[in-house]
Amino acid sequence: MGSFALSPTNEKELMKRVGDIAGLTFGELAAQLNVKVPENFKREKGWSGQLIELALGASAGSKPQQDFPELGIELKTLPLSYNNQPLETTYVCYAPLTGLSGIHWETSNVKNKLQKVLWVPIQGEREIPPKDRIIGQGFIWQPNQRQQQLLQQDWEELMDMICLGKVEQITARIGEVLQIRPKAANGKALTDAIGKDGRPITTRPRGFYLRKNFTQHILDEVFC
DNA sequence: CGCTGATCATCA
DNA sequence: TGATGATCAGCG
């Protein structure tokens, strides 16, 4: 999609940009940025997020860091239904399957990424052509104590399973607010993990995702 | 391959 | 019909 040099130097500047794109359609914003809008997202699944990244000046790339490192802010788009309910779970980060000695919630990638999130709601109904989908008013969220506790509980349960060689027993049904699901280009992608009796195995890469109920609560806090 | 950005599509 | 498991594109 291309790169965008200008990056906001502070949160106020970032939120000004957020306000500027609120209410625009993907088509209108894409035109400003000289980007072509796909007919659907069957192939370009990450297009919405990349468009918003470009518009807000987020640092592109595949670095396992926050989108705005200087501001300590992570950017997430959130596709909503007509009733303003999340249509998809939210990808958080890759799930580590090896090199787990001394790993702890406090220093985990999940906690770091969710410490401060800029949520940008977007219309997500599939019957709306991408060019006509409207961008909502983005907002900053930081997990409260209760939310932190829920996230930590799930993270620890899931990481315990990974450490104990039970990654193959993990399904998306585990975890109240955080789940683990496959995260790869296809089923052929394999990575190292721990198997039964601590034996090394190879398995599909996994990622952490926030359940829709959890992001729904975040929306409720802000928009009532 | 690892990781980002995510949504798709099948089946219970 | 909604959630789980699978998949698509790009980059270092």
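Residue numbering restarts at 1 for every chain, and letters A, B, ... go by the order of the sequence lines.
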Find the distance [X]:[atom1] to [N]:[atom2] and express it as a whole number of Å.
{"X": "A/L56", "N": "B/dT4", "atom1": "CG", "atom2": "C1'", "result": "16 Å"}
{"X": "A/L210", "N": "C/dT4", "atom1": "CG", "atom2": "P", "result": "13 Å"}
{"X": "A/F26", "N": "B/dG5", "atom1": "CZ", "atom2": "P", "result": "15 Å"}
{"X": "A/E125", "N": "B/dC8", "atom1": "CD", "atom2": "C1'", "result": "15 Å"}
{"X": "A/F208", "N": "C/dT4", "atom1": "CZ", "atom2": "P", "result": "15 Å"}
{"X": "A/L158", "N": "C/dT4", "atom1": "CG", "atom2": "P", "result": "12 Å"}
{"X": "A/Q179", "N": "C/dT4", "atom1": "CD", "atom2": "C1'", "result": "8 Å"}
{"X": "A/R133", "N": "B/dT7", "atom1": "CZ", "atom2": "C1'", "result": "9 Å"}

Which pairs of donor and acceptor atoms, one on a side chain in residues 18-25 of chain A, lie under 3.5 Å apart (sequence neighbours left out)?
from  : atom 1 : to     : atom 2 : distance (Å)
A/D20 : OD1    : A/K16  : NZ     : 3.3
A/D20 : OD2    : A/K16  : NZ     : 3.0
A/T25 : OG1    : A/G27  : N      : 3.4
A/T25 : OG1    : A/E28  : N      : 3.0
A/T25 : OG1    : A/K131 : O      : 3.4

| note | Readout for nucleotides 5-12 of chain C: B = base within 4.0 Å of protein heavy atom, S = sugar-phosphate only, - = neither; 5' to 3' it is BBBBSBB-

| When the nearest nucleotide of DNA chain B is assigned to A/P64 and to A/I122 on a heavy-atom basis, which residue is associated with the more 5' position? |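 Looking at DNA chain B, the more 5' nearest nucleotide goes with A/P64.
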
| field | Contacts of A/N213 that satisfy side-chain contact (heavy atoms from CB on, under 4.5 Å) - sequence neighbours left out | value |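 Expected list: none.
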
| query | Would you find a donor on one side and an acceptor on the other, under 3.5 Å apart, between the side chain of A/D154 and the backbone of A/G175? | reply |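 Judged by distance alone, no pair lies under 3.5 Å.
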
Donor-acceptor pairs under 3.5 Å, side chain of residues 134-143 of chain A to any protein atom, not counting sequence neighbours: which ones?
from   : atom 1 : to     : atom 2 : distance (Å)
A/W141 : NE1    : A/Q147 : OE1    : 3.3
A/Q142 : NE2    : A/Q115 : O      : 3.3

| field | salt bridge (charged side-chain N to carboxylate O under 4.0 Å, His left out) against A/E125, all qualifying residues, sequence neighbours excluded | value |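 So A/E125 forms no salt bridge (charged side-chain N to carboxylate O under 4.0 Å, His left out) with any residue.
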
| field | salt bridge (charged side-chain N to carboxylate O under 4.0 Å, His left out) involving A/K183 - partner list, sequence neighbours excluded | value |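 In terms of salt bridge (charged side-chain N to carboxylate O under 4.0 Å, His left out), with neighbours along the sequence ignored, A/K183 is linked to no residue.
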
| query | Going by distance alone, is a donor N or O of one side chain under 3.5 Å from an acceptor N or O of the other, for A/N144 and A/Q148? | reply |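 No, no side-chain donor-acceptor pair sits under 3.5 Å.
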
Does [X] reach a base, just sugar-phosphate, or nothing at all? Heavy atoms under 4.0 Å.
{"X": "A/D67", "answer": "sugar-phosphate"}
{"X": "A/F41", "answer": "sugar-phosphate"}
{"X": "A/Q65", "answer": "nothing"}
{"X": "A/P205", "answer": "nothing"}
{"X": "A/T191", "answer": "sugar-phosphate"}
{"X": "A/L87", "answer": "nothing"}

Enumerate, atom names and distances included, each donor-acceptor pair closer than 3.5 Å involving a side-chain atom of residues 85-101 of chain A, sequence neighbours excluded.
from  : atom 1 : to     : atom 2 : distance (Å)
A/T89 : OG1    : A/R181 : NH1    : 3.0
A/T89 : OG1    : A/R181 : NH2    : 3.4
A/Y91 : OH     : A/Y94  : N      : 3.1

Under 3.5 Å, N/O pairs linking protein and nucleotides 10-12 of chain B:
none

| task | Using the salt bridge (charged side-chain N to carboxylate O under 4.0 Å, His left out) rule, collect all pairs that involve residues 200-215 of chain A, keeping only residues at least two apart or in two chains. | result |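 Applying salt bridge (charged side-chain N to carboxylate O under 4.0 Å, His left out) to every pair that reaches into residues 200-215 of chain A, excluding sequence neighbours, yields A/E168-A/R206.
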
| request: Only pairs at least two apart or in different chains count here, so list each salt bridge (charged side-chain N to carboxylate O under 4.0 Å, His left out) that has a residue in residues 96-105 of chain A. | output: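 Salt bridge (charged side-chain N to carboxylate O under 4.0 Å, His left out) check on residues 96-105 of chain A returns no pairs.
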
| request: Carefully, step by step, assess A/K76 and A/E74 under the rule side-chain contact (heavy atoms from CB on, under 4.5 Å). | output: CA-CA 7 Å; A/K76 291 290 176 198; A/E74 171 73 10; 3.4 Å; yes

Contacts table for residues 36-51 of chain A: side-chain donor-acceptor under 3.5 angstrom, sequence neighbours left out:
from  : atom 1 : to    : atom 2 : distance (Å)
A/N40 : OD1    : A/K42 : N      : 2.9
A/W47 : NE1    : A/K36 : O      : 3.3

| A/R126 side chain near B/dT7 phosphate (N/O to OP1/OP2, under 4.0 Å) |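 For B/dT7, OP1/OP2 do not have a side-chain N/O of A/R126 under 4.0 Å.
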
| task | Find the bend of the helix from B/dC1-C/dG12 to B/dA12-C/dT1 as the angle between its two terminal axes (five pairs each), to the nearest 10°. | result |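 Here the helix ends are tilted 30° relative to one another.
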
